[in-house]
Each structure stands twice: as structure tokens, then as C-alpha cells.
Protein chains: 2
Amino acid sequence: MPHSSSIAESASTHSGFGDFRMTKQRKVVYDVLMDERDHPTASEVFLRAKGKMPGISLATVYNCLETMTQAGLIKQVNVDREASRYCPNLRPHAHFFCSECEQIYDIDLRRHADLEAAWELPEGSRIDHVDVAMKGVCPKCGSATDLSKSEN
Amino acid sequence: MPHSSSIAESASTHSGFGDFRMTKQRKVVYDVLMDERDHPTASEVFLRAKGKMPGISLATVYNCLETMTQAGLIKQVNVDREASRYCPNLRPHAHFFCSECEQIYDIDLRRHADLEAAWELPEGSRIDHVDVAMKGVCPKCGSATDLSKSEN
DNA sequence: ATTTTTATTTAGAATAATTCTTGATCTCAA
DNA sequence: TTGAGATCAAGAATTATTCTAAATAAAAAT
């Protein structure tokens, strides 16, 4: 008889997130995301993860990112068709992509804001997930005069 | 031929949208989007376009979609990392992706709604574009009992 | 503790959407 | 009409991601 217990698991590698096991590799990947919350791509995560665990493979990084996304531990962030990025911020938030510095910033939702109220949703729609991505220029890049389009 | 409309229809091949030329191919692609507003992917557009212009190539369809998106004639719609879809709806609207029927629906913005008010945007951010994608189950699919998960 | 089962990792091959390249063709303007 | 530049077509190339299969590790059962 294979196991069947749905939730409520026991000791060690379990995290309490459904059937999710926090393996060594997953821990490393998760830590990478926690260490620098700059929305790295899978390959960027891979590079950093190798620093902590040289033998880890790219496929594993992809696996970990996918499993942890499913488990709800992290979020996958997509901007246009670029490589997916990942973040461990679980609060409801939007993403702001600065087209100057190509950084992604988390934008928090205001306490009382009602996202769905703004839209003419047909009666009876069930919303599972709302994804808000903004594009523009961040304060840092915006204040820099057009001349000094240097770095930062 | 159906649709008469708006833009991209005047005299020569010029449309008034910057330096954009409405060539035969681009017209075909644009008409495909106008004929059936169901957010087709590039390959779907290609298939339909071949009906109107058998010699058209996939590369050209990609070119047309890209140029017209740049020109602001159509919009590229991305849901997660799936193939991009395209729509000629220029009103500000969000996209609702039904995970049952895999259709994309346009969701209009309520007249007075203020999108940016909901977010804790840092002072001095310049927003060029906001992209809202919702995922869930549409009324049609939601009302169908779980048993009749048939089509549509 | 040893065996059996199941999940996870790894490396590389495969995939799929998209972009690029090159040469041909078309359009506009002189 | 000619020349320049834009656009098109066909196929090769790219790239992020997924898949496959074998090896390993962890958990459960004996």
C-alpha cells in the first residue's frame, strides 16, 4: 500500500507545505532566492547555487523552482517572453520592471485595495490568480538626467 | 470583405502610425485578427492567413505581428510562458484566461477605476504600461457540472 | 538492519516558440 | 528607370524549458 495521507506529514525534511520535501538541493535553491531578493532567472539561480553546492545541475534547479512554485513557497515572475524569474515574496504584490536598469521591483498591494473591483468581470467568473506587471522607469533611473544614462 | 473600420485603411499603404506601412501581408494579418477576436497565437494566425494569401510565410507573420505591435495597432498577450497571442482590442483591458477551455477573454476596465491607486508605488516611478492577466474559470465552464466536462 | 518502494537528482537529448540570416522582391522617390 | 531602403520568404539558429533514462537517495516495509 503506497502512502496516502494527504497533508500532515511527520519529521525531518518536511516543511508542512503539502507533500513537499525540503531536500538539500531545494534548500540551496530556496536560500539563493532568500539571500538576494533580486528576481534571478533559473540560470542565475543555477550559478549562485553552484557556489553553495558545486555538483548541482541546471535540471535540478529547474525542478526545484517548479516544485517550490507548485508548493507555493516561491513565485514565478514572467515579464513578456523573457526568461522566468523567481521570488520568495509571498505577500500579494505586483511586479515593476524598469526598462532602464532591467531590474524587477516588488510592489505591494495597498491594504484595502480591491483588485477585482476595477474590472468588468462577467458574472460567475472564478478568479484563481491575478498577475499584475508594470513596465516603466524606476525613480533611480528616472531622476538620472538623460545625459548620464550611465549605470545603476 | 468584412470589417471596414478604423485605422489602417486610408489611401496608400500609409496608416499615420509613425513610419508604418500597411503592406498586403500586414493587412492580411491584421484582418485575421479583426475577423475572429479570439486571441490566436502566431501559428494560428499563420494558418488563417494562408487562407487569404497562400504564399505567406510564418516568418512574415511573426514580422507583421511584431511590427504592428510596435506600431500600436495590436496588442501582444502573454499568459505565463505559453505562446504569445494577439488581439486588436486597443481599449485598456485585462485578460482572463480560463484554465478549463483555455480561451482568453478581454475584460474591460471600469470607467472610473484607477489602476495605480491600488499599489504602493515608490515616488517618482514612471509607468508606461500595466499588464493585468487573470486566471480562473469562466462562467460557461464554471456552470457546467463537473460531470459534463465535455467541450466548449 | 536489510530489502523494497518511491521520490529525487543528473546529464544530455528533445522540444517549441521565436529570432536571425540571406537573398529575392517590392515600394517609393529622385 | 534606377537606386535605396524596406519587406518578404525559407530555412537555419537560438534559447529557455521540458523530457528521458539511468543513478542515487530517502522512506517505508519487512
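Chain identifiers are assigned alphabetically (A, B, ...) following the order of the sequence lines, protein sequences preceding nucleic acid strands; residue numbering begins at 1 within each chain.
- Judged purely by atom type and a 3.5 angstrom limit, B:Ser125 has no side-chain atom pairing as donor or acceptor with the backbone of A:Pro139.
- Rounded to a whole Å, the CZ atom of A:Arg26 is 12 Å from the C1' atom of D:dA25.
- Nearest nucleotide to the side chain of A:Arg21, out of C:dA7, D:dC8, D:dT17: C:dA7.
- A:Arg81 places a side-chain N or O within 3.5 Å of a backbone atom of B:Glu82 that can act as its donor or acceptor partner.
- Residues from residues 37-64 of chain A placing a heavy atom under 4.0 Å of any atom in DNA chain C, listed by number, are A:Gly55, A:Ile56, A:Ser57, A:Ala59, A:Thr60, A:Asn63.
- Rounded to a whole Å, the CD atom of B:Glu82 is 11 Å from the P atom of D:dT18.
- In this structure, the side chain to side chain contact (heavy atoms under 4.5 Å, CB included) partners of B:Thr41, at least two apart in sequence or on a different chain, are B:Ser43, B:Glu44, B:Ala83, B:Arg85.
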Is there a side-chain contact (heavy atoms from CB on, under 4.5 Å) between A:Gln70 and A:Glu66 once you walk through the steps?
-> CA-CA 6 Å; A:Gln70 305 284 42; A:Glu66 147 111 48; 2.9 Å; yes
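- Taking atom NZ on B:Lys27 and atom C1' on D:dC8, their separation rounds to 19 Å, with Å as the unit.
- Ring planes of A:Phe96 and A:Tyr105: tilted class, angle from 30 to 60°.
- Counting heavy atoms from C-beta on, the side chains of A:Leu109 and A:Leu115 come closer than 4.5 Å.
- Between the C1' atom of D:dA16 and the CD atom of A:Gln76 lies a distance of 11 Å, rounded to the nearest Å.
- Atom-to-atom, CD of B:Gln25 to C1' of D:dC8 comes out at 6 Å; the value is rounded to the nearest Å.
- Atom CD of A:Glu66 is separated from atom C1' of C:dA7 by 15 Å (rounded to the nearest Å).
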Secondary-structure notation, DNA chain D, from Watson-Crick and G-U pairs under 3.5 angstrom (| other strand) = ||||||||||||||||||||||||||||||
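- Under 4.0 angstrom from either OP1 or OP2 of C:dT9 there lies at least one side-chain N or O belonging to A:Thr23.
- Note that CG of A:Leu47 is 11.5 Å distant from CD1 of A:Ile56, once rounded to the nearest 0.5 Å.
- A:Gln70 places its CD atom 12 Å from the P atom of C:dT8, with the value rounded to the nearest Å.
- Atom CE in B:Met22 sits roughly 11 Å away from atom P in D:dC8 (whole-Å rounding).
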Salt bridge (Lys or Arg N to Asp or Glu O under 4.0 Å) between A:Arg91 and A:Asp108, intermediate numbers included = CA-CA 8 Å; A:Arg91 275 174 289 125; A:Asp108 281 315; 2.7 Å; yes
Determine, stepwise, if the pair A:Asp106 / A:Lys75 fulfils salt bridge (Lys or Arg N to Asp or Glu O under 4.0 Å).
-> CA-CA 12 Å; A:Asp106 284 353; A:Lys75 280 182 172 164; over 6 Å; no
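- Comparing B:Lys24 and B:Ala83 against DNA chain C, the residue whose closest nucleotide sits nearer the 5' end is B:Ala83.
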